[in-house]
Protein chains: 2
Amino acid sequence: MRSQVPSYRQLADRIAEAIAAGEYGPDDPIPSLRTLQQETGLAMATVQHAISVLRTEGLVYSVSGRGTFVRPPG
Amino acid sequence: MRSQVPSYRQLADRIAEAIAAGEYGPDDPIPSLRTLQQETGLAMATVQHAISVLRTEGLVYSVSGRGTFVRPPG
DNA sequence: ATGCATTTGTTCGTATGTATG
DNA sequence: GCATACATACGAACAAATGCA
């Protein structure tokens with residue numbers, strides 16, 4: 001059953017909108033991968049894929065062992 | 001075809017058997033995560049995963065900073 | 001009592017292998 | 001073959017409890 005929009009894209013868009021709406025401020029942490037995993041029911045690597053998209057778009061940055069944060073405008 | 005038994009499952013089973021065999025009595029501590037890590041050569045989070053399985057199954061309980069203990073029969 | 005190092009469990013992001021359409 | 005998605009496994013940072021100087 002070919003789904004219209006891939007899960008990782010839906011999740012990336014949802015987070016991007018939350019950031020745009022100011023739900024998370026500059027350098028604020030977004031929910032952890034595990035939290036997102038439990039919220040969405042997706043697999044770890046799929047959630048990571050979504051974050052990876054946001055990182056490529058310059059919206060967030062990640063620090064291993066710490067978390068993923070909103071990239072402040074530079 | 002992925003029909004190998006995962007490392008975390010093997011470890012969980014091994015500990016479950018030790019408990020069933022009476023090697024660790026009620027409220028006795030099982031080996032620490034670091035000890036298990038060194039014994040098995042696995043990563044921290046993988047050992048943690050094994051313990052997490054045992055906790056879900058109600059076999060053990062964990063206390064941060066103290067250890068993981070055998071859950072007495074209710 | 002205070003401070004600090006050590007030990008223990010917890011949570012973080014990341015990488016790899018595999019299956020499916 | 002490629003994109004999508006899953007389970008597994010990894011290394012590092014975090015946080016709570018303990019003991020000792």
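Both backbone and side-chain heavy atoms feed into the values below; hydrogens, waters and symmetry mates do not. In what follows, chains carry the letters A, B, and so on, assigned in the order in which the sequence lines appear, proteins first and then strands, with residues in each chain numbered from 1.
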List the atom of B/A12, the atom of B/A50, and the distance in Å for their closest heavy-atom pair. CB-O, 3.8 Å

Please list residues of residues 67-74 of chain B whose heavy atoms come under 4.0 Å from any atom in DNA chain C, ordered by number; otherwise none. B/G67, B/T68

Of the options D/dA5, D/dA9, C/dT10, whose atoms approach the side-chain atoms of B/S7 most closely? D/dA9

In whole angstroms, how far is the C1' atom of C/dG9 from the CD1 atom of B/I30? 11 Å

Quick test of your reading of the model: are A/E39 and A/R34 salt-bridged, counting only N-O distances below 4.0 Å? no

So which heavy atom on B/V63 is nearest to which on B/F69, and how close? CG2-CE1, 4.1 Å

Where the side chain of A/P6 is defined as all heavy atoms beyond and including C-beta, which of C/dT10, D/dT4, D/dA9 is the nearest nucleotide? D/dT4

Checking A/D13 against A/Y8 for the side-chain hydrogen bond (donor to acceptor under 3.5 Å, both in side chains) test, could you report, in this order, the C-alpha distance in whole Å, the side-chain angles of both residues, the deciding distance, and whether it holds? CA-CA 9 Å; A/D13 289 346; A/Y8 77 91; over 6 Å; no

Could you tell me how far apart B/L36 (CG) and C/dG9 (C1') are, to the nearest whole angstrom? 12 Å

Taken to the nearest whole Å, OH/B/Y8 to P/D/dC10 is 13 Å

Are the side chains of A/Y24 and A/P29 in contact, using a 4.5 Å heavy-atom criterion? no

How would you summarise protein contacts on nucleotides 15-21 of chain D per nucleotide, using B for base, S for sugar-phosphate only and - for none, with heavy-atom distances below 4.0 Å? -BSS---

Let's test this: given Watson-Crick or G-U wobble pairing with both distances under 3.5 Å, identify the partner of C/dA1. none

Using atom CD of A/Q37 as one end and atom P of C/dT11 as the other, report the distance to the nearest whole Å. 13 Å

Show every side chain to side chain donor-acceptor pair (under 3.5 Å) that has at least one partner inside residues 63-74 of chain B, sequence neighbours left out. B/S62-B/T68

Write down the partner of D/dG1 under the Watson-Crick or G-U wobble criteria, each distance required to be under 3.5 Å. none

What distance separates A/L11 CG from A/R9 CZ, expressed to the nearest 0.5 Å? 10.5 Å

Sequence neighbours left out, what pairs pass side chain to side chain donor-acceptor pair (under 3.5 Å) with at least one residue falling in residues 40-50 of chain A? none

Would you tell me if any nitrogen or oxygen in the side chain of B/S32 comes within less than 4.0 Å of OP1 or OP2 on C/dT8? yes

If you compare all heavy atoms of A/G25 against all heavy atoms of A/V70, which two are closest, and at what distance to 0.1 Å? O-CB, 3.3 Å

CA sep, side-chain torsions, deciding dist, call: B/L33, B/I51, side-chain contact (heavy atoms from CB on, under 4.5 Å): CA-CA 8 Å; B/L33 297 196; B/I51 301 298; 3.5 Å; yes

With side chains defined as the heavy atoms from C-beta onward, is the minimum distance between B/I15 and B/L36 less than 4.5 Å? yes

Contact list for DNA chain C against residues 9-21 of chain B - heavy-atom distance below 4.0 Å: none

Of residues 38-55 of chain A, the positions that come close to DNA chain D - non-hydrogen atoms, cut-off under 4.0 Å: A/L42, A/A43, A/M44, A/A45, A/T46

